[in-house]
Amino acid sequence: MTMTITAFESSPDRGRGLARDMRVRWALEEVGQPYNVRLVSFKTMKQPAHLALQPFGQIPTYEEGDLALFESGAILLHIAEHYPGLLPDDANARARAITWMFAAVSTMEPPIVDREIARFTEGDKPWYEEHLAMIDKRIRTRLDQLSARLGDADWLDGAFSAADIMMVHVLRRLESSGILPEYPKLSAYTERARERPAYKRAFEAQLAVFTAAPGG
Ligand code: GTB
């Protein structure tokens with residue numbers, strides 16, 4: 001049965017693959033599963049039919065038969081548990097990979113998202129630069145720690161896994177900040193991931209939505 005995911009009809013990232021449907025697309029490409037994409041507008045996302053799938057009125061969602069999921073982390077975990085290739089077979093290694101998935105969304109992502117929210121909501125306020133400096137300090141603390149742990153390894157814990165999809169996609173949201181190049185090991189890590197054929201297919205698919213849209 002072919003699954004259906006949702007994505008922005010007109011993504012504010014202008015095809016840079018930063019919206020969270022990219023994680024789901026990438027995971028599905030890694031496991032070689034075909035998928036349909038239902039494009040939704042901001043208005044559609046707030047209407048009852050979409051709210052029944054995603055109570056917060058957001059993308060992505062995932063439908064497979066009578067199963068409907070939301071939250072990109074949960075969707076990736078579901079995909080990784082049902083299709084081989086994104087989680088190790090060994091129980092302890094699997095638990096560690098899942099731990100890294102949570103680390104990506106609960107420890108690394110919040111300050112990175114805070115940075116974007118501050119830019120949108122406080123960018124014109126007199127305190128913005130001071131607040132930004134505080135957020136960047138929090139981000140650098142986490143990047144220092146992540147870089148130390150990754151060291152010279154290719155991936156977070158042994159073989160490439162769903163955890164790397166989550167972590168790389170979170171780190172990519174720093175691209176316009178200029179912070180990531182301060183971390184050569186993390187920059188190399190994200191570049192390594194972007195070289196994966198599955199990443200490239202997912203990226204091209206979401207870019208095609210943007211370029212096909214009026215004004216894209
Ligand atoms: N925790 C949820 C998950 O992981 O699935 C968060 C989902 C979420 O934040 N979805 C966003 C959304 O639907 C899109 S990805 N927002 C619409 C709304 O809330 O009304 C976040 C995102 C948006 C834009 C960019 N960008 O322009 O670069 C990057 C990421």
Side-chain angles (χ1 to χ4, degrees), residues 3-28 30 35 37-64 67-81 86 97-123 132 135 139 161-180 190 193-194 199 202-213 215-216:
M3 48 288 262
T4 298
I5 68 167
T6 49
F8 282 130
E9 180 182 80
S10 178
S11 180
D13 75 356
R14 303 180 60 79
R16 286 181 296 150
L18 298 176
R20 288 182 176 89
D21 61 294
M22 175 65 195
R23 303 169 181 183
V24 180
R25 292 173 183 272
W26 183 5
L28 289 169
E30 289 283 353
Y35 59 98
V37 182
R38 189 168 64 249
L39 301 176
V40 289
S41 65
F42 276 89
K43 190 176 165 202
T44 306
M45 278 190 275
K46 310 302 174 201
Q47 288 172 354
H50 189 81
L51 288 171
L53 295 172
Q54 216 290 6
F56 308 109
Q58 299 181 312
I59 59 99
T61 59
Y62 175 99
E63 291 156 81
E64 185 177 17
L67 175 69
L69 295 175
F70 61 98
E71 284 296 333
S72 57
I75 296 171
L76 255 72
L77 185 55
H78 173 80
I79 294 169
E81 283 185 326
L86 285 179
I98 293 169
T99 300
W100 276 113
M101 292 177 75
F102 277 87
V105 290
S106 346
T107 302
M108 296 303 297
E109 192 163 43
I112 293 174
V113 170
D114 284 353
R115 189 179 205 280
E116 272 177 29
I117 292 172
R119 186 160 53 86
F120 287 131
T121 58
E122 307 168 7
L132 183 66
I135 295 173
I139 292 174
S161 77
D164 296 295
I165 295 181
M166 294 300 288
M167 191 64 83
V168 166
H169 195 246
V170 166
L171 294 177
R172 278 209 53 219
R173 270 183 97 163
L174 280 174
E175 271 170 14
S176 59
S177 71
I179 296 176
L180 209 51
T190 57
R194 293 174 68 160
Y199 175 95
F203 186 88
E204 289 307 319
Q206 64 77 39
L207 179 61
V209 174
F210 173 71
T211 49

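Note that ligands are numbered from 1 as they come in the structure, with each ligand's atoms numbered from 1 the same way.
- Using a 4.0 Å cutoff on heavy atoms, Arg14 does not count as a contact of ligand 1.
- Contact check for Val37 versus Thr4: no side-chain heavy atoms found under the 4.5 Å cut-off.
- Residue contacts with ligand 1 include Phe8, since one or more of its heavy atoms lies under 4.0 Å from the ligand.
- Shortest non-hydrogen contact noted between Ala27 and Ile165 is CA-CD1, 3.7 Å.
- For atom 4 (O) of ligand 1, the choice among Gly15, Ser72, Ala74, Ser176 with the nearest heavy atom turns out to be Ser72.
- Residue, atom and distance of the protein heavy atom nearest to atom 24 (C) of ligand 1 are Pro12 CG, 3.8 Å.
- In terms of protein heavy-atom proximity, atom 1 (N) of ligand 1 is closest to Glu71 OE1, 2.7 Å.
- Nearest-heavy-atom check against atom 11 (C) of ligand 1 across Thr61, Val24, Ile59 picks out Ile59.
- Close approach to Pro60 involves these atoms of ligand 1, each under 4.0 Å from a residue heavy atom: 5 (O).
- Checked by distance only, ligand 1 and Asp13 come closer than 3.5 Å through their nitrogen or oxygen atoms.
- The shortest N/O to N/O separation between Gln54 and ligand 1 does not fall below 3.5 Å.
- Here the closest heavy-atom approach between residue Ser161 and residue Ala97 is recorded as OG-CB, 3.9 Å.
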Please lay out, stage by stage, how Glu175 and Arg172 fare under the test salt bridge (charged side-chain N to carboxylate O under 4.0 Å, His left out). CA-CA 5 Å; Glu175 271 170 14; Arg172 278 209 53 219; 2.6 Å; yes
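- Other residues, nucleotides and ligands contribute more than 12 heavy atoms inside 6.0 Å of the CZ atom of Arg194.
- Nearest non-hydrogen protein atom to atom 19 (O) of ligand 1 is Gln58 NE2, 3.1 Å.
- With hydrogens and angles ignored, the 3.5 Å screen pairs no side-chain donor or acceptor of Glu64 with any backbone N or O of Met3.
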Check step by step if ring pair (Phe, Tyr, Trp, His ring centres under 6.0 Å) holds for Tyr62 and Tyr35. CA-CA 10 Å; Tyr62 175 99; Tyr35 59 98; 9.6 Å; no
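- Close N/O approach between Arg20 and ligand 1 is found [any backbone or side-chain N/O within under 3.5 Å].
- Remark: Thr6 pairs with Arg38, Val40, His50, Ile59, Thr61 by the side chain to side chain contact (heavy atoms under 4.5 Å, CB included) rule, at least two apart or across chains.
- Protein heavy atom at the shortest distance from atom 29 (C) of ligand 1 is Leu18 O, 3.7 Å.
- The N/O atoms of Gly73, backbone and side chain alike, include none that comes under 3.5 Å of an N/O atom in ligand 1.
- When all heavy atoms are compared, the tightest approach of Ala80 to Leu86 is CB-CB, 3.7 Å.
- Considering backbone and side-chain N/O of Arg173, none are found under 3.5 Å from N/O of ligand 1.
- For ligand 1 and Phe42, the ligand atoms under 4.0 Å from any heavy atom of the residue are 17 (C).
- Short contacts between ligand 1 and Lys46, defined as distances under 4.0 Å to a heavy atom of the residue, involve ligand atoms 18 (C), 19 (O), 20 (O).
- Pairs passing the salt bridge (charged side-chain N to carboxylate O under 4.0 Å, His left out) check and including a residue from residues 16-28, sequence neighbours excluded, read Arg20-Glu109, Asp21-Arg25, Arg23-Glu109.
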